Amino acid sequence: MAESDVAATAAPSGAPSPWERPDVAAQATPTRSVLPGPETVHPVEFTGTSGEYFRIWIVNVALTLVTLGIYSAWAKVRKRRYLYGHTRVAGEGIEYLAKPIPILLGRLIAVAVLAAIVAADFLVPALAASRPLRQLLSIVVFVAAGPWIMVRSLRFNARNTAYRNIRFRFAAAYGDCFRIVATYGWLLLTGILYPFFRRRLVRFGVENHLYGATKLELSFDFGKPFVRAYFVAYGLFVLYMIGGVLPVVGIAAAVAAGMRVKLSQIAPLGFLLWLPVYAIAIGLTFAYIRARTINAIFNHLRIGPIRFSSSLRVRDVAGIYFSNAVAVVFTLGFATPWAVIRTWRYRMSKTAMTAAAPLDGFVQAEADHIGAAGQEIGDMLDFDVSL
Amino acid sequence: MTEFDAVYYDGRTSARNAVRVRAADDGQIHIAGDAVDVALPLAGARVDPPLAGVARAIRFANGAELRTEDCGALDALFSSQDRIERIAHVLEGRWRYALAGLALVAAVTAWIVIDGLPAAAALVADAIPETTQRAMGDQTLRTIDRTLCAPSALDARRREALLGDFRTLAASSGEANARIELRSCRAIGPNAFALPGGIIVVTDQLADVLKSDAELTAVLAHELGHARYRHPMRAALQSAGAAALVSVLAGDAVSITGIVVTLPTLLLQTGYSRGFEDDADTYAFERLKALGISPRAFAEALAALEGAHAARSRDAGQSLPDYLSTHPSTGRRIQRALSAQ
C-alpha cells in the first residue's frame with residue numbers, strides 16, 4: 001500500500017552525504033549540515049535496458065509458475081535489485097539487500113490472514129448477518145492493521161536499501177503511525193480532504209527515514225504544492241467530465257434522431273462513447289497527481305547537505321501511462337517489463353542531485369554496526385508484509 | 001591466488017576507496033588502497049548473487065563491503081553460494097532461454113486455464129465440507145435478500161405445487177440436501193440460480209413466465225445439476241484462481257492497467273460458465289427422462305424465457321452482446337434438448 005508512494009519516493013532515491021560525528025549520530029537531531037561551499041551536481045542515471053529486464057522478468061515468471069508461486073519471492077528480489085542496482089547515483093548503484101525467505105514468509109502470512117478474513121466473513125453467523133457489525137469491524141481493522149502494515153513494510157524496505165554500504169532506516173514505531181491515522185483518519189471520510197491526510201502521511205513516511213544516521217527532511221513549504229496538485233487535478237477532472245459529457249450526449253441524440261428511436265434506447269451506445277472519455281479523464285488526473293506530488297516531495301527533500309530536484313512533466317507522464325496501458329493490453333501483458341523500464345528511466349532522467357559537501361561524510365547508525373549475524377536475526381523477526 | 005580491482009566501503013562511513021584485492025591461501029582477503037590496508041577473513045563473508053549489469057559485493061561479517069564488476073573472481077571465491085540464483089542468472093542471460101521461458105509461460109498458462117484450474121477447483125470444492133458450503137450459500141442469499149429480492153408473493157397453491165415438484169425431483173435424484181428458496185426479484189427478472197451448498201433460488205417472475213409444471217421442473221432439474229456438480233463453489237474458486245494467475249503475469253504493470261487485469265478474468269469466467277451450463281443441461285435431460293418428462297419441456301422453457309428476456313430488454317432499451325453472456329446461445333441449447341428426447 002503506502003509502499004508505492006512513500007518508500008518508493010524516499011528510499012531508492014537515497015543519496016549520500018555529509019559528515020556527522022558518530023556519537024551524535026543515531027539520534028533524531030535533524031542534522032542541519034548547512035555547510036557553506038560550492039554545490040556539486042551529481043548525476044542520477046538509469047542504466048537498465050528493457051531487453052535485459054525482459055529476460056529477467058520472463059525467466060522469473062516461468063520459474064514462479066513452475067514452483068506454484070514459491071519462487072515469486074526470489075523474483076521480487078531479483079527484479080528490485082536490477083532496478084535499484086542500475087539506478088546510479090554519482091556513479092554508484094543503489095543496493096537492495098532483502099533476502100527472499102523473509103519475503104516468502106511475509107507473503108504466506110498475508111495469504112493466511114486474507115484467507116482467514118474471507119472464511120470468517122462466511123462462517124461467523126453474527127458477522128454475516130449484521131451489516132453495521134461488518135462495517136464497524138472493517139474500520140477497526142483499517143485503523144489498527146493499516147498502520148502496522150505500513151510501518152512494517154517501510155521498515156523492511158528501508159533496512160534493506162543501502163547506498164555506499166550505508167543503510168536506510170525507518171525509525172517510527174507502530175504507535176506513531178497509529179496516532180496519525182487515528183487523528184487524521186476522519187479526513188478520509190470527507191473524501192475531498194483526502195490530500196491533507198495524504199500530506200501528513202507522506203511527511204510521516206519521509207521524515208522518519210534515516211540514511212545511516214542522517215535524517216531525511218522535508219522542508220515546511222512542501223505541503224502547499226503537494227496539496228495543490230490534488231485539488232488542481234480534481235478541478236481539471238470535473239471540467240473535463242463536463243466538457244466530455246456534452247459531445248457524448250450530442251452524438252447520442254443525433255444518432256437517436258437519425259434512427260427514430262428514443263434517446264434511452266441507445267443507452268449502450270452512449271456508454272461505449274462515454275467509456276474512453278472517462279478512461280482518459282481518469283488517466284490524466286492520475287498522471288497529474290503523480291507528476292506534481294513526486295516533484296513536490298523531491299524538490300523539498302534534504303538529506304544532510306544533499307538536496308534533490310524533480311521536474312516530471314504531466315504531459316510526459318500521461319503519455320507514458322497511456323502508451324504503457326495500450327502496449328500491455330495488446331501484448332497480453334508481455335510488454336510489462338518494457339513499460340516498467342521506460343517509466344523508471346524517465347523518472348531518473350528528470351531527477352537531479354546536488355551536494356554542498358563531499359558524499360564521503362555519511363555515517364552508519366550505531367545499531368547497524370552489528371554486522372551480518374545481527375542482520376540474520378533481524379531478518380528472521382522481520383518479514384515483508386507488502387504484497 | 002585471486003587478485004582483482006574493487007571499491008571498498010568499510011560500513012561505518014560512506015567514504016569510497018578504490019582498492020586492489022588479493023585473496024590469500026590462508027583464507028584472508030587483503031585489501032589495499034590509498035587510505036586502506038586491511039585483511040578480512042573470507043569465512044563468514046557472503047557475496048551477492050550475480051545479476052545482469054549490477055555490481056556485486058562481498059559482504060564481510062564485520063559489515064564492510066567490497067564491490068566489483070569482476071564476476072569471475074567472485075565466482076572463484078564463492079563457488080557454493082546461492083545455487084538457485086546462479087541458475088536463474090544463467091537462464092536470464094540468453095535470449096534462447098528467455099524465449100523458452102516465454103513458450104513455457106504460454107503453455108503453462110494455457111494448460112492452467114483449460115485443464116488445471118477447473119480440475120483443481122473441482123478437487124477443492126469436493127474437499128470443502130457440506131456445512132461450510134451451505135454457510136457460504138446462506139451468506140450470499142442474505143446479501144441477495146438485502147439488495148435485490150423481496151419475499152415471494154406467489155399464491156399459496158402455486159407455491160405448494162412448486163415445492164412439491166422440487167421435493168419429488170430432489171428425492172428421485174438422490175439430492176435430498178438440496179433446498180429451494182422462492183423470492184420476488186424485479187431487478188433480476190425471470191430466473192433461477194444455484195448458490196453454494198445446494199441452495200436453489202427461483203424468482204416469482206420465473207413462475208409467472210413458465211406456466212406449465214413440466215417447464216418449471218425442467219428449469220429446476222437444470223439448477224439441481226449445478227448443485228449436484230457444485231458449480232457455484234467451483235465457479236467461485238475458479239475466478240479466484242484466474243485472478244491470482246493474472247496477477248502473477250501482469251502484477252508489475254502500473255496501476256493504470258488495473259482494468260486490463262480484470263478484463264481477461266471476466267472473459268475466462270464466461271468461458272467456464274458455458275461449460276457448466278452444458279453439464280447442467282445434460283443432467284437435467286437425464287433427470288427429466290427418469291421422471292417421465294420429455295426434455296422438450298426444457299426447450300419450451302428456454303423459448304419462453306427468451307421471449308420474456310427479449311421483451312424486457314426491448315423495454316429497457318439495452319442488450320448485452322452474446323459473447324459476454326454466461327449462457328451458451330439459447331438456440332443451441334434448444335437443439336440439444338430436442339435431440340436428447
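Any value given below was found using the heavy atoms of this structure, including those in side chains, with hydrogens, waters and symmetry copies removed. Quantities reported herein were computed from a predicted structural model and do not represent experimental measurements. The sequence lines fix the lettering, A, B, ..., with proteins before strands; numbering per chain opens at 1.
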Criterion side chain to side chain contact (heavy atoms under 4.5 Å, CB included) on B:Ile84 and A:Tyr71, from CA distance to verdict: CA-CA 10 Å; B:Ile84 296 175; A:Tyr71 189 78; 3.7 Å; yes

OH (A:Tyr278) with more than 12 external heavy atoms under 6.0 Å: no

Donor-acceptor under 3.5 Å (A:Arg167 side chain, B:Gly11 main chain): no

Heavy-atom pair count under 4.5 Å with chain B, highest-scoring of A:Arg78, A:His86, A:Arg88: A:Arg78

Point-to-point distance, once rounded to the nearest 0.5 Å, from CD of A:Glu95 to OH of B:Tyr9: 8.0 Å

Chain A interface, residue from B:Ala98, B:Ala15, B:Gly101 that has the most non-hydrogen pairs under 4.5 Å: B:Ala15

Contact summary for A:Arg81 and B:Asp48, nearest pair of heavy atoms: NH2-CB, 3.7 Å

Within-4.5 Å side-chain heavy-atom neighbours: B:Thr109 and A:Leu65: yes

A:Phe334 vs B:Val105, side chain to side chain contact (heavy atoms under 4.5 Å, CB included): CA-CA, chis, key distance, verdict: CA-CA 10 Å; A:Phe334 288 109; B:Val105 170; 4.3 Å; yes

side-chain contact (heavy atoms from CB on, under 4.5 Å), paired with B:Leu91, selected from A:Val59, A:Ile58, A:Ile56: A:Val59

Max heavy-atom pair count under 4.5 Å with chain B, selected residue of A:Ala162, A:Gly48, A:Gly51: A:Gly51

Side chain, backbone, both or neither of B:Asp138 within contact of chain A (heavy atoms, under 4.5 Å): neither

Atom pair CG/OG of A:Leu359 and B:Ser14 - distance to nearest 0.5 Å: 7.0 Å

Pair A:Val66-B:Leu104, side chain to side chain contact (heavy atoms under 4.5 Å, CB included): steps then yes or no: CA-CA 9 Å; A:Val66 169; B:Leu104 181 76; 3.6 Å; yes

Shortest non-hydrogen separation from B:Arg67 to A:Gly93 and the atoms involved: NH2-O, 3.4 Å

Heavy-atom contact with chain B under 4.5 Å, split by part of A:Pro100: side chain

Nearest heavy atoms of A:Asn165 and B:Arg59, plus distance in Å: OD1-NH1, 4.4 Å

Sidechain-backbone polar pair: B:Glu92 side chain, A:Arg55 backbone, donor-acceptor under 3.5 Å: no

Part of B:Pro196 lying under 4.5 Å from any heavy atom of chain A: neither

Spacing of B:Leu51 atom CG and A:Tyr96 atom OH [to the nearest 0.5 Å]: 13.0 Å

Test side chain to side chain contact (heavy atoms under 4.5 Å, CB included) applied to A:Arg164 and B:Val7, step by step: CA-CA 10 Å; A:Arg164 292 179 161 226; B:Val7 172; over 6 Å; no

